[in-house]
Amino acid sequence: GKKSWRERLAGSAFARNLGALFSRKPKLDEALLEELETTLITADVGIAASTELVENLRKRVNRREFDDAGQLLTALREALLALLAPVAQPLQIVAEQKPFVLLMVGVNGVGKTTTIGKLARRFQKERRQVMLAAGDTFRAAAVEQLKTWGERNQVPVVSQGSGSDAASVIFDALQSARSRELDILIADTAGRLHTQTGLMDELGKIRRVLGKLDASAPHEVLLVIDGTTGQNAINQVRQFRAAIGVTGLVVTKLDGTAKGGVVFALAKEFGLPIRYVGLGETLDDLRVFDAAAFVDGLLP
Ligand code: GDP
């Protein structure tokens, strides 16, 4: 069956180190607050979010609001939830926007292609008709991977030869999805070109060309971030936001070697909606982001 968030997140540095810290039944003192701060920073929560969280807790300790470490943990849970609640905004597919155009962006290796497959299956299960556009024309393997996946799952995939123009592939796909009255078009894009400006120019062109057919498209630009990349994730969001604009995030690979905390750092830094998180490699492991399930899965 479907694994719980806790089972999936148990291996993270966040869960392990916090668990170790509180299992020692520590005294509620400055040393505990210091250790908590170190734990958060080490778990990728980021300096800004970690110091602010602990400083707020310190003030409450100094005001004698808590007597013991257990109460501190309860207050920490509330503070972490407050940080994530505003970004836990599920993706809403607007039926009037037909097709609803979902543009997937992110650097290579983050799990973009597998996420596209998982999303397409999810939408299919909701009885929506999906089409894919193989817009990562820079990687022949990515085009093949999407085509094979589409054949296996009866999802049409629009592609052109490798090295073709991504904006043209996605434009054709939108025209085709329109004439077939499909519900959702998911467009893949390159995660790397010869140069950084090459990539950013290409994304800009895709947006302009889509806008010629449908001024409201893309309806969602989903940036896929690898949860194991730590603070580098912050730079990736900055770059893609500047290049094309980002309306939502998917954070993958939070199971396994991820430290777990990058989700908080992203929430604090950008406040962008986190639509989905990846808790493993199977279809069921792409979860709609649930702030409470996530926080409770990390805390002892
Ligand atoms: P792309 O280069 O961004 O298209 O990356 P892929 O979709 O090919 O994924 C790269 C690897 O990451 C694959 O082996 C995926 O199975 C794996 N992957 C993707 N999402 C997750 C996740 O949430 N958890 C784990 N453990 N692996 C994932």
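Count residues from 1 along the sequence. The basis for the numbers below is simple: all heavy atoms, side chains too, and nothing from hydrogens, waters or symmetry mates. We count ligands from 1, going down the list as the structure has it; atoms in each ligand are counted the same way.
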Numbering as shown, the atoms of ligand 1 that approach Leu279 to under 4.0 Å (heavy-atom distance): 23 (O)
Quick check on contacts: which atoms of ligand 1 are under 4.0 angstrom from a heavy atom of Gly278? 23 (O)
Contact (N/O only, under 3.5 Å) between [X] and ligand 1:
X      : answer
Arg139 : yes
Thr114 : yes
Asn108 : no
Val110 : yes

How far is [atom] from its nearest protein heavy atom, and which residue and atom name does that atom have?
atom                    : answer
atom 22 (C) of ligand 1 : Gly280 O, 3.1 Å
atom 3 (O) of ligand 1  : Lys112 N, 2.7 Å
atom 24 (N) of ligand 1 : Asp255 OD1, 2.9 Å
atom 4 (O) of ligand 1  : Thr113 OG1, 2.4 Å
atom 5 (O) of ligand 1  : Gly111 N, 3.1 Å
atom 23 (O) of ligand 1 : Lys253 N, 2.9 Å
atom 10 (C) of ligand 1 : Gly109 O, 3.9 Å

Within-4.5 Å side-chain heavy-atom neighbours: Thr247 and Leu91: no
Are any non-hydrogen side-chain atoms of Leu28 and Gln71 less than 4.5 angstrom apart? no
With hydrophobic residues grouped by side-chain heavy-atom distances under 4.5 Å, do Ile47 and Leu57 end up in a single group? no
Leu286 contact mode with ligand 1 (heavy-atom cut-off under 4.0 Å): neither
Considering Gln145, Arg287, Glu281, Lys118, which one's heavy-atom position lies nearest to atom 27 (N) of ligand 1? Glu281
Restricting to heavy atoms, the pick from Ile116, Thr257, Thr252 nearest atom 20 (N) of ligand 1 would be Thr252
Please determine which of Arg128, Lys98, Arg178 meets the salt bridge (Lys or Arg N to Asp or Glu O under 4.0 Å) test together with Asp183. Lys98
Determine, using ring centers only, whether Phe14 and Phe294 are less than 6.0 Å apart. no
Salt bridge flag under 4.0 Å for residues [X] and [Y]:
X      : Y      : answer
Asp165 : Lys205 : yes
Glu144 : Lys147 : yes
Arg24  : Glu35  : yes
Asp296 : Arg77  : yes

Checking Asp284 against Thr282 for the side chain to side chain donor-acceptor pair (under 3.5 Å) test, could you report, in this order, the C-alpha distance in whole Å, the side-chain angles of both residues, the deciding distance, and whether it holds? CA-CA 5 Å; Asp284 280 339; Thr282 74; 5.3 Å; no
